[in-house]
Amino acid sequence: SSKKLRIFFFFFLIYNFANATNKMKMGPLLHINKDINCLRNLVLAGTNYFVIIDNNLQHLSSFFEDFPQIRLTACEQGKTLETVEKIAETLLELGADRDAFIIGVGGGITTDIAGFTASIYKRGVKFAFVPTTLLSQTDASIGGKNGVNFHAFKNMLGTITQPEWIFICPQLLETLPQEDFKAGIAEVLKTFILFDKEMYRTSVEYFSSVTKEDAQQDDRKNTYGKI
């Protein structure tokens, strides 16, 4: 099916993106898999996990059913120190100590908050990311950038701390709204411009076809039922 072809293409695309980012010596271990079920094996290999997960991703909760989960409403308004304080309070109530390992599951806002919380909780605990948007898979979760907003200033308070690992899976993008998907295209193209010109051309062709297909679907929806 076209959906399966898209998954396999994304696996190829993100694999090449990871090769490009490795040239920048980003640091964390990248787990790139086309099958979301590989996440279960990765999680079962660890202990003492505490999961900070976007409230819209309840369908992924089963992958972390053996570990405490802190649900987060991911929005710019909630990307604050107050949210970090609430998460820290919950971690204390759950008994998270210096050996705690925090996993942030969601888009860029979620990974920013989870990474920042982990980097300051108990003077810093280990953490990892499961980014679920194209932008977070290719930018927000890469590079160790963690932080929150302060008053009217975006990402004013934060740290540069690398996660232990990042799980990147194109299958997570299947249910992504069109606008959220398109928000990550520029970052992919920018990286390939710098590091892989051949993949840049391939990416441009693919993204052009995808956006054209989406536009045609929108046109069909808008004209459906009209005489």
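Counting from 1, the numbers follow the sequence of the chain as shown. Note that this is a predicted model, so its numbers are computed, not measured.
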Problem set entry | side-chain contact (heavy atoms from CB on, under 4.5 Å) between Leu134 and Asp180, worked out | CA-CA 8 Å; Leu134 183 59; Asp180 290 338; over 6 Å; no
Rounded to the nearest 0.5 Å, how far apart are [atom1] of [X] and [atom2] of [Y]?
X: Ile87; Y: Leu94; atom1: CD1; atom2: CG; answer: 11.5 Å
X: Leu72; Y: Thr83; atom1: CG; atom2: OG1; answer: 6.5 Å
X: Met199; Y: Phe192; atom1: CE; atom2: CZ; answer: 4.0 Å
X: Arg40; Y: Leu42; atom1: CZ; atom2: CG; answer: 12.0 Å
X: Leu176; Y: Lys182; atom1: CG; atom2: NZ; answer: 11.5 Å
X: Ser203; Y: Glu198; atom1: OG; atom2: CD; answer: 10.5 Å

Could you tell me whether a side-chain N or O of [X] sits under 3.5 Å from a main-chain N or O of [Y], the two making a donor and an acceptor?
X: Asn48; Y: Asp99; result: yes
X: Tyr200; Y: Leu194; result: no
X: Glu164; Y: Lys126; result: no
X: Thr111; Y: Ser141; result: no
X: Asn146; Y: Thr117; result: no

For this session: For side-chain contact (heavy atoms from CB on, under 4.5 Å), just list the numbers for Ile193 and Lys197, CA-CA rounded to whole Å, side-chain angles, deciding distance to a tenth of an Å, and then say yes or no.
Result: CA-CA 6 Å; Ile193 288 174; Lys197 293 181 180 179; over 6 Å; no
Does a side-chain heavy-atom distance below 4.5 Å link [X] with [Y]?
X: Cys169; Y: Leu39; answer: no
X: Leu92; Y: Lys122; answer: yes
X: Asn149; Y: Phe153; answer: no

Problem set entry | Within 6.0 Å of NZ in Lys145, more than 12 heavy atoms from elsewhere |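 For Lys145, atom NZ is crowded (more than 12 foreign heavy atoms under 6.0 Å).
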Problem set entry | salt bridge (charged side-chain N to carboxylate O under 4.0 Å, His left out) contacts touching residues 58-78 (sequence neighbours left out) |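 Only Glu76-Lys154 qualify under salt bridge (charged side-chain N to carboxylate O under 4.0 Å, His left out).
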Would [X] end up clustered with [Y] when hydrophobic side chains under 4.5 Å apart are linked, directly or stepwise?
X: Leu29; Y: Val130; answer: yes
X: Ile113; Y: Met156; answer: yes
X: Ile109; Y: Leu81; answer: yes
X: Leu172; Y: Leu135; answer: no

What are the two closest non-hydrogen atoms of [X] and [Y], and how far apart are they?
X: Ala114; Y: Ile102; result: O-CG2, 4.3 Å
X: Ala128; Y: Pro163; result: CA-CB, 4.0 Å
X: Phe207; Y: Phe181; result: CE2-CZ, 3.7 Å
X: Ser61; Y: Gln69; result: O-NE2, 3.1 Å
X: Asp54; Y: Ala74; result: OD2-CB, 3.5 Å
X: Ile70; Y: Leu91; result: CD1-CD2, 3.8 Å

Exercise. Which residue pairs pass the ring pair (Phe, Tyr, Trp, His ring centres under 6.0 Å) test with at least one member in residues 58-92, sequence neighbours excluded?
Worked result: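 Applying ring pair (Phe, Tyr, Trp, His ring centres under 6.0 Å) to every pair that reaches into residues 58-92, excluding sequence neighbours, yields Tyr49-Phe67.
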Exercise. Just one of Ile103, Thr132, Leu30, Ile36 clears the side-chain contact (heavy atoms from CB on, under 4.5 Å) bar with Phe167, so which one?
Worked result: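 With Phe167 as partner, side-chain contact (heavy atoms from CB on, under 4.5 Å) holds for just one option, Ile36.
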For this session: Determine whether the side chains of Asn37 and Asp35 contain a donor N or O and an acceptor N or O closer than 3.5 Å.
Result: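 The answer is yes; a qualifying pair exists.
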Exercise. Looking just at side-chain N and O atoms, do Asn155 and Lys79 make a donor-acceptor pair shorter than 3.5 Å?
Worked result: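 Yes, a side-chain donor-acceptor pair sits under 3.5 Å.
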Exercise. Would Thr80 and Val84 count as a side-chain contact (heavy atoms from CB on, under 4.5 Å) if you check the C-alpha gap in whole Å, the side-chain angles of each, and the deciding distance to 0.1 Å?
Worked result: CA-CA 7 Å; Thr80 63; Val84 173; over 6 Å; no
For this session: Just do the side-chain contact (heavy atoms from CB on, under 4.5 Å) check on Phe127 and Ile52 with the steps written out, would you?
Result: CA-CA 10 Å; Phe127 63 98; Ile52 299 175; over 6 Å; no
For this session: Answer yes when Lys86 and Glu89 have at least one side-chain N-carboxylate O distance shorter than 4.0 Å, and no when they do not.
Result: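 Answer for the salt bridge query: no.
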